[in-house]
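Let me begin by presenting the structure, written as structure tokens, before commenting on it.
Labels below follow one simple rule: chain letters A, B, ... track the order of the sequence lines, proteins then strands, and each chain is numbered from 1. Every value quoted in this text rests on a predicted model; they were computed, and no experiment measured them.
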Amino acid sequence: MKGTVASEGLGRRVRRRRSGRTVLFHVSVVALCVVMLYPGAWLLLSSFRPTNQILGETGLIPDHTTLDNFRTVFEGIGGISFWTFFMNSVYLGVGSVIGICLSCSVTAYGFSRIAFPGRQVFFAIMIGTLLLPFHVVIIPQFIMFNEMGWTDSFVPLLIGKFLAADAFFVFLMVQFMRTVPKELDESARLDGAGHPRIYWSIMLPLMRPVLATASIFAFIWSWNDFLAPLIYLRSPENYPLPLMLRQYADQTSTSDYGAQMAAATLALVPVILFFVLFQRYIVEGVSTQGLRG
Amino acid sequence: MSLGRTALSGLALALAGSLALTACGSDGGGGDDGGQVTLRFTWWGADERSQRYEEAIALFEEANPDIEVQTGFAEFQDYWTQRSTDATSGELPDVLQMDLSRLLEYTNAGLLYDMTEFEGNQLDTSQIDEELLASGQVDEQLLGIPTGTNTWALHYNPDLLAELGVEPPEWDYTWEDYHAFVAEVSEAGADLDPRVHGATDYTVTWWVFLQWLVQQGTEPFAENGEMNFTEDDLRTFLSSTDALRDAGHTFPIERLDQLTPLGGFNSGEAAVEFHWDNFIHSYANDLGNENIQLMPMPSGPDGEKHMFYKPSMQLSMGANTAHPEEAAALIDFLINDPEAGQIIGTDLGVPASQGRLDALDVEDGSLEQRAIEYEQRVADEGYVTETVPRHPEGFGALETEYVEVLGNEFSYGQIDADDFVDRLFTEAENLLVTE
């Protein structure tokens with residue numbers, strides 16, 4: 001009897017201590033979350049403020065709300081509609097995702113499953129390009145694309161993505177494929193499948209989590225890329241959103257910060273949507289995928 | 001069987017995709033078919049300028065049906081990144097908006113077209129003041145046509161001054177009067193929330209330094225690109241506001257950093273500010289108040305103002321242009337045509353072309369009218385007596401060093417006036433291109 005009471009008391013105390021710790025944990029996580037989300041919330045709410053009440057204002061709740069900023073944004077810039085800029089960003093983003101998923105996975109398959117002569121050397125060279133900052137190749141690349149007459153088009157921005165020039169993604173996929181049991185390909189080979197078939201029917205379906213990861217990164221990087229479009233695109237009709245956003249705050253003439261906030265808010269929506277849609281694929285485990293396949 | 005087909009269709013998709021992209025890219029190259037001429041024209045500026053330009057260009061295309069103008073625009077910094085890549089590939093636009101600080105750099109690299117041959121033909125420059133036109137000339141070549149003028153001004157906020165009970169200075173005020181005025185405002189505004197100061201410390205503004213030098217009778221830069229001012233000049237200038245700084249009468253840098261990209265004046269926390277007179281538009285916009293007035297710079301030691309007009313922007317032609325005559329005609333249209341002038345207004349500065357300025361119909365009491373009247377009045381009063389200081393190659397880089405690096409550290413008290421002087425003179429050796 002006594003013993004039970006005592007152990008119950010102990011259990012309650014442990015539980016209480018544990019719940020106290022849980023509360024503390026959650027409070028601090030929520031506090032951190034608020035700090036992290038604050039700039040985003042400020043951006044969102046500022047887009048509803050009149051332009052001259054945005055800067056210097058640190059509070060969140062606007063005194064006056066207005067939709068004028070969004071109206072200005074939808075009117076476009078210099079006679080070019082907001083949707084033109086938006087669709088340019090979409091083309092570039094979707095193009096990069098398709099290009100990277102196709103080309104990098106094929107390349108990764110080659111590196112991890114085919115024993116061709118010089119594989120180690122080529123792999124090392126590919127990794128080596130990771131160490132090369134973008135700024136080093138920017139001038140020769142520009143001259144090359146310019147000679148080909150590709151400037152002011154999306155080709156220079158996308159061609160590398162279709163040719164597996166992003167070593168980071170190739171590397172990511174190679175590492176992933178190394179975790180896929182070789183027995184899977186071997187049994188496929190016994191059934192008479194060649195490399196194309198193994199790649200297409202065995203590897204690609206198994207690679208779904210890594211393809212999702214690569215897609216998210218590829219999309220976000222392309223969506224936020226500023227320098228490359230700035231250099232390669234000349235006609236405002238071809239500008240993606242990051243170039244458009246800068247137009248609202250020209251330091252030498254009048255700036256419209258309200259419209260900039262509104263445009264930034266609109267520009268964030270697809271990135272967030274894309275992340276929400278694809279993130280569940282990353283979470284799914286590799287092993288379960290292997291079994292189900 | 002199906003494995004090959006699926007793999008193939010994937011490959012085909014990728015190919016088709018890249019082909020479609022190539023197809024997208026191949027148009028817009030801009031060629032001439034059947035006598036049709038395509039000109040490329042680029043500028044920097046925000047949405048409003050783009051709208052004005054586009055509207056004016058539509059008129060130009062209407063009047064010249066065989067010329068098509070392809071336009072491009074970007075924000076100021078981005079604009080120059082794009083132009084450098086254009087220069088790399090020898091494809092500068094036929095007509096480009098030019099800034100005085102870049103003119104020499106582009107000229108020395110042989111990137112600009114000498115427009116002298118068009119003067120009096122396609123391009124009418126007779127309406128432009130000679131001193132002003134000379135700012136676009138290098139070695140007797142005409143490389144940039146001024147679109148308009150700017151001059152320095154003291155912007156002041158009459159409503160804020162009335163609230164504080166402080167009178168703005170008289171037009172013939174001196175630097176000492178100005179210091180006393182700033183101190184008076186800061187004292188009157190000490191109890192307000194947020195606290196109101198007189199002005200930001202002008203010694204960290206590059207152009208005020210140049211204006212001050214001109215008033216001392218020193219032309220800041222020699223023809224060979226060397227500096228004409230001495231370390232002592234700069235030290236004297238920097239210490240001229242020591243008393244104001246020590247008393248906390250100048251706008252505090254900590255607050256300024258919080259307000260960025262606004263400054264003290266356009267957030268309503270400082271009563272006055274030196275800047276180019278065309279900034280009245282963005283100041284009014286940021287403040288949400290059109291009641292901003294302009295007055296001239298303080299007088300120098302001889303009681304004169306020694307002010308100057310600067311071309312607000314210039315229009316230049318890329319040396320690689322295939323259609324120089326048409327390009328010159330476009331510049332002429334943008335500079336002189338009265339109808340285009342009505343559309344452009346004072347967005348490119350107070351019009352440089354006298355004919356256009358006279359024809360310009362501005363609304364009474366508007367900011368445009370205020371800027372125009374200010375420039376006319378300072379000219380009529382005989383305040384504008386100098387030409388704009390020379391812009392040697394490296395001028396822009398030196399300005400950035402002065403304002404962004406040294407000015408900032410100086411305002412924070414991380415360096416003193418002596419360090420400022422030492423470092424500016426050391427940097428100048430690297431930055432300025434001298435002959």
Among [options], residue most engaged with chain A (heavy-atom pairs, under 4.5 Å):
options                                  : value
Gln82(B), Gln51(B), Gln258(B), His281(B) : Gln82(B)
Leu259(B), Leu262(B), Asp347(B)          : Leu262(B)
Asp78(B), Asp286(B), Thr42(B)            : Asp78(B)
Pro194(B), Ser50(B), Ser282(B)           : Ser282(B)
Ser89(B), Gly72(B), Gly288(B)            : Ser89(B)
Ala46(B), Ser312(B), Pro93(B)            : Ala46(B)

Would you indicate whether the side-chain heavy atoms of [Y] and [X] approach each other to under 4.5 Å?
X         : Y         : value
Arg83(B)  : Arg102(B) : no
Phe73(B)  : Arg49(B)  : no
Arg197(A) : Arg189(A) : no
Phe154(A) : Tyr232(A) : no
Leu315(B) : Trp43(B)  : no

Would Thr51(A) and Asp256(A) count as a side-chain hydrogen bond (donor to acceptor under 3.5 Å, both in side chains) if you check the C-alpha gap in whole Å, the side-chain angles of each, and the deciding distance to 0.1 Å? CA-CA 7 Å; Thr51(A) 294; Asp256(A) 189 345; 3.0 Å; yes
[X] versus chain B, the contacting section by heavy-atom distance below 4.5 Å:
X         : answer
Tyr257(A) : side chain
Ile143(A) : side chain
Phe226(A) : side chain
Ile138(A) : neither

Could you tell me whether the side chains of Asp152(A) and Ser235(A) share a donor-acceptor contact shorter than 3.5 Å?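 There is such a pair (donor and acceptor under 3.5 Å, judged by atom type) between the side chains of Asp152(A) and Ser235(A).
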Measuring heavy-atom distances to chain A, does [X] have an atom under 4.5 Å in its side chain, in its backbone, in both, or in neither?
X        : value
Thr81(B) : side chain
Arg40(B) : side chain
Ser84(B) : neither

Where do Thr38(B) and Gln70(B) land on the side-chain hydrogen bond (donor to acceptor under 3.5 Å, both in side chains) test, with the steps shown first? CA-CA 7 Å; Thr38(B) 305; Gln70(B) 276 184 1; 5.5 Å; no
Should Glu75(A) and Arg71(A) count as an ion pair when the cut-off is N to O under 4.0 Å?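 No salt bridge links Glu75(A) with Arg71(A).
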